[in-house]
Amino acid sequence: MRRLLIAGNWKMNHGPSQSREFGRDLKAKGLQDFSPEILLCPPYVSIQALRESLEGTPVQIGGQNLHQEPKGAYTGEISGEMLKEAGCVYVLIGHSERRQYFHETDDLVHAKILRAHDAGLIPVVCIGETLEERENGITKDVITRQLKGALEGLSPEIMKTLVLAYEPVWAIGTGKTATAGQAQEVHAMIRKILKESFSTEISENTRILYGGSAKPNNAEELLSEADIDGLLIGGASLKTEDFYTIIGIAHQLTNKG
Ligand SMILES: O=C[C@H](O)COP(=O)(O)O
């Protein structure tokens with residue numbers, strides 16, 4: 001049974017005071033009885049404020065990135081161990097903005113997954129094609145390459161906890177959501193690749209989130225698809241009301257698998 005995961009990626013938004021305010025507002029709405037797993041990934045400097053303001057709630061905190069080494073002379077970088085110590089449970093890896101602006105490759109994504117695991121964090125590995133790639137009909141090739149590059153050789157132990165997020169680059173922050181059907185098609189393809197590369201068990205148990213202009217008005221349709229096990233939400237996770245509404249929708253739909 002795959003438990004739905006509703007995750008917010010705040011990207012470079014919400015400093016400590018705004019994060020604290022968000023946390024207080026969300027806590028005040030009451031989250032205890034919700035069935036989906038809830039995750040928020042704030043900027044590093046806001047982790048503590050958000051974590052403290054959500055104390056006593058089931059909301060988990062994640063990092064947006066980590067360095068592939070455990071420590072050392074890497075100015076401006078953050079290690080998995082530091083995220084863990086700060087209270088993070090998850091970490092995003094290979095988000096398309098990291099791939100696009102910071103030239104992260106599939107090999108680097110693979111190294112970061114290993115590092116996250118060693119640091120005791122659960123990786124949320126992001127993959128997805130660009131508009132050009134989709135229009136050229138190579139979505140399947142791109143997804144296959146990204147999956148193999150990131151996951152090949154990973155132990156079943158890592159694969160058992162790892163989460164995938166399919167985020168078509170053309171749908172991120174553009175207001176253009178992939179239709180539920182388009183998303184489902186790629187999610188089913190990812191599950192097939194997991195089965196061929198690992199096992200039926202891993203394919204059936206791995207959670208695959210959808211990300212890209214997910215909002216309160218399309219969450220139900222997306223989450224109703226058989227292979228969509230949650231959402232990785234950017235813009236709509238910045239507003240307490242929108243994020244809370246989406247968690248409520250996921251709660252109504254419960255688990256998959
Ligand atoms: O990580 C989140 C995604 O990039 C989606 O962002 P968005 O919901 O603003 O399109």
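Both backbone and side-chain heavy atoms feed into the values below; hydrogens, waters and symmetry mates do not. Just so you know, ligand 1 is whichever comes first in the structure, and atom 1 is the first atom listed for that ligand.
For T174, no nitrogen or oxygen atom sits less than 3.5 Å from a nitrogen or oxygen atom of ligand 1, counting backbone and side chain alike. The shortest N/O to N/O separation between G173 and ligand 1 falls below 3.5 Å. Between G211 and ligand 1, no pair of N/O atoms sits closer than 3.5 Å.
In terms of modelled atom types and a separation under 3.5 Å, the side chain of K84 and the main chain of L121 share no donor-acceptor contact. Of the possible polar contacts, none joining the W10 side chain to the P43 backbone as a donor-acceptor pair under 3.5 Å is found.
Among all non-hydrogen protein atoms, the one lying nearest atom 8 (O) of ligand 1 is G234 N, 2.9 Å. Residue, atom and distance of the protein heavy atom nearest to atom 9 (O) of ligand 1 are G235 N, 2.8 Å. Looking from atom 3 (C) of ligand 1 to the surrounding protein, the closest heavy atom is E167 OE2, 2.9 Å.
Judged by the shortest distance from any of its heavy atoms, S213 lies inside the 4.0 Å radius around the atoms of ligand 1. Within the 4.0 Å heavy-atom cutoff, A171 counts among the residues contacting ligand 1.
With contacts defined as side-chain heavy-atom distances shorter than 4.5 Å, the pair I172/K11 qualifies. Contact check for S53 versus K27: no side-chain heavy atoms found under the 4.5 Å cut-off.
Between the side chains of E129 and W170, at least one donor N or O lies within less than 3.5 Å of an accepting N or O.
Residue contacts with ligand 1, taken as heavy atom pairs separated by less than 4.0 Å, involve N9 solely via side-chain atoms from C-beta onward. When heavy-atom distances to ligand 1 are checked against a 4.0 Å cut-off, H95 comes that close only through its side chain, counted from C-beta outward.
Near G212, with a cut-off below 4.0 Å to any heavy atom, the atoms of ligand 1 are 5 (C), 10 (O).
For the pair P216 and I249, the tightest heavy-atom approach, listed with the atom from each and the gap, is O-CD1, 3.5 Å.
With atom 4 (O) of ligand 1 as the reference point, the heavy atom nearest to it among Q64, K11, E97 is part of K11.
K239 is linked by a side chain to side chain contact (heavy atoms under 4.5 Å, CB included) to D242, counting only residues two or more places apart in sequence or in another chain. With sequence neighbours left out, K215 forms a side chain to side chain contact (heavy atoms under 4.5 Å, CB included) with S213, N217, N218.
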